[in-house]
Amino acid sequence: MTLLEGRDLRKTYRLGRRNTVDALRGVDIEIEAGEMVAIMGPSGSGKSTLMHVLGLLHAPDPKDGPAPTLRFDGRDLTRLSDRQRTALRAREMGFVFQQFNLVPTLSAAENVGLAAEYAGERHGRARAKATEALALVGLAERADHRPSELSGGEQQRVAIARALVNGPSLVLADEPTGNLDSRRSAEVLGLLRTLNREQGRTFVLVTHDPAVGGACGRIVHMRDGLVASAAERELAVA
């Protein structure tokens with residue numbers, strides 16, 4: 001079943017009166033429910049912009065070409081208001097970023113619970129869901145530690161718990177191992193693969209790292225703002 005579908009996705013950034021960058025030039029993409037997909041390409045290929053459009057952080061450009069289509073779980077997302085986009089992101093999508101983006105003064109549980117509160121949960125229920133999410137990523141015993149007391153790999157697992165706390169259908173990650181050494185990268189990738197296989201969670205990972213691409217069932221290659229190719233891979237059983 002197709003979970004996320006985009007057609008004719010375009011995005012142009014205006015850097016000055018006469019200087020523009022065509023980040024996306026008419027991208028077509030489909031993500032099936034339960035997939036783990038890597039979006040790869042050189043710097044400037046449009047891969048991060050595509051993730052931002054798919055995750056409703058940016059809207060596709062409606063002019064200068066065919067009307068864009070963006071559907072999530074059968075729903076048309078192109079006509080949503082900003083408030084509706086924010087609510088859908090909070091409740092049905094999760095995000096993981098290279099820089100972790102944890103609040104340094106909050107504990108791991110408080111960082112994770114904050115995402116549940118943004119989605120409308122009361123504080124007590126948000127804390128309970130945060131505890132469950134941290135247990136899922138193997139950090140139950142570190143729930144009361146602040147980011148400065150955690151390793152880079154542990155901080156990224158907190159970020160993954162935060163992305164999962166509301167039970168999203170889709171998790172989007174931008175360079176999720178970019179700040180980690182090879183051992184911790186392997187740990188994070190192993191965790192993502194386990195969540196994908198055992199829970200059927202859908203992941204879209206933007207990366208330049210071949211190891212991340214190698215952990216995914218399909219790689220979408222981008223170049224110059226377009227999809228250059230998309231191929232399935234045979235994964236070894238862990």
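All values derive from a computational prediction rather than experimental measurement.
Side-chain contact between Ile29 and Leu54 is present, with at least one heavy-atom pair separated by less than 4.5 Å. You'll find the side chain of Leu205 reaches within 4.5 Å of the side chain of Met36, heavy atoms only. With a 4.5 Å cut-off on side-chain heavy atoms, Val158 and Leu139 count as touching. Within the 4.5 Å cutoff, the side chain of Asn19 has no heavy atoms near those of the Arg14 side chain. Counting heavy atoms from C-beta outward, Asp174 and Gln98 have side chains that stay 4.5 Å or more apart. Contact of the Thr69 side chain with the Arg71 side chain is registered, since non-hydrogen atoms from C-beta on lie closer than 4.5 Å. Side-chain contact between Val220 and Val37 is present, with heavy atoms from C-beta onward closer than 4.5 Å. Looking only at side-chain heavy atoms (C-beta outward), Val96 and Arg162 stay at 4.5 Å or farther from each other.
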Would you please test Phe203 and Leu172 for side-chain contact (heavy atoms from CB on, under 4.5 Å) and show each step?
-> CA-CA 6 Å; Phe203 287 93; Leu172 301 112; over 6 Å; no

Take Leu134 and Arg142 through the test side-chain contact (heavy atoms from CB on, under 4.5 Å) and record every step on the way to the result.
-> CA-CA 8 Å; Leu134 287 168; Arg142 309 285 277 172; over 6 Å; no

Stepwise, does the side-chain contact (heavy atoms from CB on, under 4.5 Å) test hold for Leu195 with Ile160?
-> CA-CA 10 Å; Leu195 293 169; Ile160 293 168; 4.2 Å; yes

Give the intermediate values and the outcome of side-chain contact (heavy atoms from CB on, under 4.5 Å) for residues Arg85 and Leu77.
-> CA-CA 8 Å; Arg85 292 162 66 89; Leu77 306 185; 5.7 Å; no

Candidate pair Glu35 and Arg201, rule salt bridge (charged side-chain N to carboxylate O under 4.0 Å, His left out), full reasoning | CA-CA 8 Å; Glu35 275 198 294; Arg201 193 80 60 184; over 6 Å; no

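Between Leu4 and the options Leu70, Asp73, Thr202, a side-chain contact (heavy atoms from CB on, under 4.5 Å) holds for only Leu70.
Residues Leu226 and Val204 do not share a hydrophobic cluster, defined by chaining ILVMFWY side chains whose heavy atoms lie under 4.5 Å apart. Hydrophobic clustering keeps Phe100 apart from Val206 (ILVMFWY residues linked when any side-chain heavy atoms are closer than 4.5 Å, directly or through intermediates). Cluster membership check: Leu192 does not share its hydrophobic cluster with Leu3, using side-chain heavy-atom separations under 4.5 Å among Ile, Leu, Val, Met, Phe, Trp and Tyr. By the rule that hydrophobic residues join a cluster once side-chain heavy atoms approach within less than 4.5 Å of another member, Val112 and Val171 end up as members of one cluster. Tracing side-chain contacts under 4.5 Å through hydrophobic residues (I, L, V, M, F, W, Y), one reaches Leu170 starting from Phe97; they form part of the same cluster.
Remark: side-chain polar atoms of Glu117 are not paired, donor with acceptor, to backbone N or O of Leu114 under 3.5 angstrom. Remark: side-chain polar atoms of Glu92 are not paired, donor with acceptor, to backbone N or O of Arg89 under 3.5 angstrom. Side-chain N or O atoms of Gln84 include one that pairs as donor or acceptor with a backbone N or O of Ser81 at under 3.5 Å. Not a single donor-acceptor pair under 3.5 Å links the side chain of Gln156 to the backbone N or O of Thr177.
Using a cutoff of 4.0 Å between basic side-chain nitrogens and carboxylate oxygens, Arg127 and Glu121 are not scored as salt-bridged. The pair Asp61-Lys11 meets the salt-bridge criterion, with a side-chain N (NZ, NE, NH1 or NH2) lying under 4.0 Å from an Asp/Glu carboxylate O. The pair Arg184-Asp181 counts as a salt bridge, with a side-chain nitrogen and a carboxylate oxygen less than 4.0 angstrom apart.
Enclosure of atom OH in Tyr118 is not indicated, since only 12 or fewer non-hydrogen atoms of other residues, nucleotides or ligands lie within 6.0 angstrom. Heavy atoms of other residues, nucleotides or ligands lying less than 6.0 angstrom from CZ of Arg7 number more than 12. Open room surrounds CG on Asp64; 12 or fewer heavy atoms of other groups in view lie less than 6.0 Å from it. Summarising the local packing, CG of Asp76 is surrounded by more than 12 heavy atoms from other residues, nucleotides or ligands at distances under 6.0 Å.
Taking CD of Glu187 as the start and CG of Leu189 as the end, the distance is 10.5 Å to the nearest 0.5 Å. Atoms CZ and CG, from Arg157 and Leu136 in turn, are 11.5 Å apart once rounded to the nearest 0.5 Å. Taken from CZ in Arg193 to CD in Glu198, the straight-line distance is 11.5 Å, to the nearest 0.5 Å. Distance check: Thr2 OG1 to Glu30 CD gives 4.5 Å after rounding to the nearest 0.5 Å. To the nearest 0.5 Å, atom CZ of residue Phe95 and atom CE of residue Met51 are 6.5 Å apart. Atoms CD1 and NE2, on Ile39 and His208 in that order, are 15.5 Å from each other to the nearest 0.5 Å.
For residues 100-115, the set of pairs meeting the side-chain hydrogen bond (donor to acceptor under 3.5 Å, both in side chains) definition, not counting sequence neighbours, comprises Ser107-Glu110. Sorted pairs that involve residues 124-144 and meet ring-ring contact (aromatic ring centres under 6.0 Å, His included), not counting sequence neighbours, are lacking altogether.
The nearest pair of heavy atoms linking His58 to Tyr13 is ND1-OH, 3.0 Å. Scanning all heavy atoms of the two residues, the minimum distance from Arg10 to Lys63 falls at NH2-O, 2.8 Å. In terms of heavy atoms, Asn166 sits closest to Ala116 at OD1-CA, 3.3 Å. Nearest heavy-atom pair, Thr12 versus Asp22, reported as atom, atom and distance to 0.1 Å: OG1-OD1, 2.8 Å. Of all non-hydrogen atoms in Pro168 and Gly94, the two that sit nearest each other are CB-N, 3.7 Å. Minimum heavy-atom separation, Ala130 to Gly113: CB-N, 3.6 Å.
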